[in-house]
Structures are given as structure tokens and as C-alpha cells.
Number of protein chains: 2
Amino acid sequence: MSDIDLLALRQSSTLSELVADKMEKLILSGQLAAGERINEAVLAKELGVSRGPVREASMLLTSRGLVEFIAFRGAFVRKISRAELLEIYDLRAVLTGQACHLAALKAGGDAGPLNDLHDRMEKAADSNKADKYYTLNLKFHECLVDMAGSSRLRTMIDSLVNEMHLYRQVSLRSHPDMAQSNREHRAILDAIIQGDAEKARELGEAHVRAGKKRFEAAGAETLVEDE
Amino acid sequence: MSDIDLLALRQSSTLSELVADKMEKLILSGQLAAGERINEAVLAKELGVSRGPVREASMLLTSRGLVEFIAFRGAFVRKISRAELLEIYDLRAVLTGQACHLAALKAGGDAGPLNDLHDRMEKAADSNKADKYYTLNLKFHECLVDMAGSSRLRTMIDSLVNEMHLYRQVSLRSHPDMAQSNREHRAILDAIIQGDAEKARELGEAHVRAGKKRFEAAGAETLVEDE
DNA sequence: TGATCCAAGATTGTCAACAATTTAATATTT
DNA sequence: AAATATTAAATTGTTGACAATCTTGGATCA
């Protein structure tokens, strides 16, 4: 892996990057709604910068999967259809599988901070704290990908997760069965600790696919999709 | 390096995109070497544009996996180590598997232009035309991904393929066994036509993994890697 | 000698004005 | 009145100038 990542950390923040972070928050919080056009001049004025950094930030967010550029028409907050969301689930499944595979190869019997996270999630599940569980769950998956040690894989998965959050502002927080989800985590964790890379892959993949099924099941009873 | 003709500008699109395409060619042809810093002012002058479009083009290429940005230091042509290349093979394997899976689901018994491509590759293999085979092979894989019908998947795989080409200017053209490679293509094709999605996935994945092994075998007898 | 510090040069980051293009609002034609 | 053409307004694309930052080469000091 390259040392370039460290250099990037050293000297933080060009204005464009700060604007990009700000915009990411605006988008993920829904203040910039999916499908909406991002008016460079307006946003620039609001943030107290010129159009340049806003433009560059928009391009940065393009590679993070949050923004779509159309020539001479502008930058739009991406809009994810239900069909795309399902597609994304599948991609995330195979990539998460690969992450678990790599994690198992590199763990050396030590699951690091994953064990602790798992315990805290169990507590959250027991006391039915869905919000807490959701936050920890995000962290757990991040941590898992970090263990795989591939910045490329991490970028790809992050991008997919970003896109998932764009699905109709619907936070995918509703977690029907935290206990079951966490049992799956436990199994993945065990496979990683035992160094069983192929099993870890299968379990990781299945875990995301199970999430997809949970979503589909929940979606069936909601309103009809119009696009 | 020639200037960009204005005819292309009017017909096509924004200057930044034209510059990006030009830069992509320069990079993939090795005229901009891996690891090299891209001097905005110099390149802008050579292409007859201002620094703006060059900057934007660099950012575009960042999301295509060809360029790395470091704040206040510039845009660098990415450099891929051997370890990274092997990692990329694995990622490409699972994504290609997913592409074959989707292609099998959507094909409906018709493999479209893939059959024709396969035939032409067989001829190229028989007459030992490695260059011809290499070109057709790229097309075959592109076509395969197109059949999957996921622009997201396509972008991801394209990016990985780009990065592979950055590995030490070594064109991965050397194909030790075209006949064997094409037999694998045939098997994938058959699975897609039969609509056997899981088999198509496995075969697609295995095909890329076989490419990885061929590379590793070939690399064993070359010089020692120094990074 | 070798390391450290400082200034000059080179290079990237930001800005504001201008050009090209799209979008809207209005006028024209049938 | 509906459809089309035309013009005006809004918005993005591009440029060159200036500011901030990094890199260099040389002077200073132990």
C-alpha cells in the first residue's frame, strides 16, 4: 500500500476539501435533497467562498458517489431508485465478502476492536436501542473493512454505502431484528479469528444479502414505488 | 503532443472532458509515466488551454483510478505496486463474477455479440495473433459487463482495469495460453446462454483468478521487485 | 563537514471577470 | 389557441491574475 495516504493526512484541508465535507453533510442530512441541482453561485455565497472550490468539491463528491455532473447543466445530488438500491446491495455483498476474506487472512487470530464493538452491539440489541445499534453497526462494518487493509476496497464500499443513504432520504435505520443481525456478526468474527478466509467471505456476503432481504420484506408493505 | 482541435470541442462536450481523454491516453501510453507529477501550467500550455480544465481533468482521472491528488503538491500519475496489482486482480475477480451473474440473468438465452467475439478470438488464437487477441479480449470483457446492465459495476471494473495498466508500463499483453483463456470464455458464455447465473459467476471469477495465476507464474522468473 | 535556517523561485489554490450554453419568458406564426 | 421561433435571464465553463504553499539552493553556525 502507498504512503500517499499519510501525506494527505499531514497537511489537512484545502478549501475545496472543507467544502466537500460540508456538502457531504448537507446531502446525507437531506438539506440538499436527492435529485436537486446544486447552484454553484448560491452555495458559494452561503459558504463564503468563490465558485471554484464549490465546483471542485462537487467533483470530489462525484467520485464518492453522491453527486452527478452534467455538462452545462450542473451538479445534481444523485437520486437512487429502488432497483439501483437492490443492485447496490448485491455489489456491497460481494465486496464485503472480499473484505472479510482479506480480514481473515490478515487477522492472525486477533480480531482487534471488533470484539469490543460486537459486545456493545449485543447490549444495544438487548435493550432495544436501535439508534445506538445503527451507529455501532456502521462502525463495525468500517472496522471490518479497515482490517482488510485495502484502501481501494474501502473507497468502493464507502461509495456504495453513501449511495444507499441517498435512497429517498429513507434512513435505513429500521432494523427489524438486531439480535439476528448480531448473531451473523458473531459468526463472521469467529471465522476471521480462526483464519477461515473462505468461510468469512461466505458469511460476510450472506450477511449483506440478509440485509437486502430484510429491506425487501419491509418494503413490500410500504407504498407503491412510482419510479 | 498535439493541440486539441476545436472541431472536437463543438461536437462533443466540455474542455475538461476532452483534456481528460487526452490525458488518459498520455498516461496509458506511458508518455506520462507512473509516479510522475503532472505540472498543470506546462500541460495546459502544451494543450493550448488554461490551468482550469487541466485541474478538472485531473480530478476526473482521479475517480477513474489513474491520478492521485495531494494538496498543495499536485496531481500524480498513480503508481501501482506488485502487491496492489495482485489485490486488484482479486477485486476484479469478484466484480467480474457479479457481472457474469447479472448477464446470465438478463441474457434470456441470447448472448448477443459475445458469440461473434468469441469466434474471432478463436481465430486469433489459432493463428497465434497475440495483439489481435488482446484487443478482442478487452472488447469481450467490456461487452460482458455491458450485458450486466449496471453502470456502477462498469465504472468500478473500468477503474480497476485502468489501474492494472499502470503497473510499471508493463502491458499485460503477454498471453501465454490464448487457447485456454478462450476455452474459459466459452464456458462462461454457455453458462450465460443457459441462464445458469451461479455457474456464470463462478466461471467468471475463476477466469480472472486464472489470469492472476498466469501473471504470478510469469512474474516468478522475472527480476526481483524493488518495492 | 554536516546540519539548520532562510530567502528566492516554482507550483498549486483561490478569486473575480468574461464567454458559452442552457433555461425561461415573450413574441410570432399558423 | 397551439406550436414554434426569438430574445432575455440565469447558470455553467474558461481564463488570467493574485495569494498561499511547497521546494530549491545557498548562507550560517555548531
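The chains referred to below are lettered A, B, ... by the order of the sequence lines, with proteins before strands, and numbering in each begins at 1. As a basis for the values below, the full set of heavy atoms in this structure was taken, side chains included, without hydrogen atoms, waters or symmetry mates.
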What is the separation between atom [atom1] on [X] and atom [atom2] on [N], rounded to the nearest whole Å?
X	N	atom1	atom2	value
K45(A)	dA10(D)	NZ	P	13 Å
N39(B)	dG13(C)	CG	P	12 Å
E17(A)	dG13(C)	CD	P	9 Å
M59(A)	dT12(D)	CE	P	14 Å
R55(B)	dT11(C)	CZ	P	15 Å
R37(A)	dT21(C)	CZ	C1'	13 Å
I70(B)	dA20(D)	CD1	C1'	18 Å
L15(A)	dG13(C)	CG	P	11 Å

Ignoring the backbone of [X], work out which of [options] is nearest its side chain.
X	options	value
V49(A)	dC15(C), dT12(C), dT14(D)	dC15(C)
P53(A)	dC15(C), dT12(D), dG13(C)	dC15(C)
A71(B)	dT23(C), dG13(C), dT14(D)	dG13(C)
R51(A)	dT15(D), dT12(C), dA17(C)	dA17(C)
E40(B)	dG13(C), dT11(C), dA16(C)	dG13(C)

Do the side chains of Y89(B) and R209(B) get nearer than 4.5 Å, heavy atoms only?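 SC-SC contact between R209(B) and Y89(B) ruled out.
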
Which part of the nucleic acid, if any, lies within contact of G52(A), taking any heavy atom under 4.0 Å across all strands shown: a base, the sugar-phosphate backbone alone, or nothing? nothing

Does a donor on one side chain sit under 3.5 Å from an acceptor on the other, for S13(B) and E17(B)?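 Present: a donor and an acceptor within the cut-off.
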
Assess, by modelled atom type and distance only, whether the side chains of S81(B) and Y167(B) contain a donor and an acceptor separated by less than 3.5 Å. no

If you apply the rule side chain to side chain contact (heavy atoms under 4.5 Å, CB included), what do you find for L153(B) with I157(B), and how did you get there? CA-CA 6 Å; L153(B) 185 50; I157(B) 292 181; 4.1 Å; yes

In terms of the nearest nucleotide of DNA chain C, which residue is placed more toward the 5' end: V42(B) or E56(A)?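 Its nearest nucleotide being more 5', the pick is V42(B).
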
By nearest-heavy-atom nucleotide on DNA chain C, the more 5' of G74(B) and F72(A) is G74(B)

If only side-chain N and O atoms of R73(B) are considered, is one of them under 4.0 Å from the OP1 or OP2 phosphate oxygen of dT23(D)?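 Affirmative; the distance criterion is met.
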
Would one find a side-chain N or O of S16(A) under 4.0 angstrom from OP1 or OP2 of dT14(C)? yes

Look at K79(B) together with E36(B) and state whether they make a salt bridge at an N to O cut-off of under 4.0 Å. no

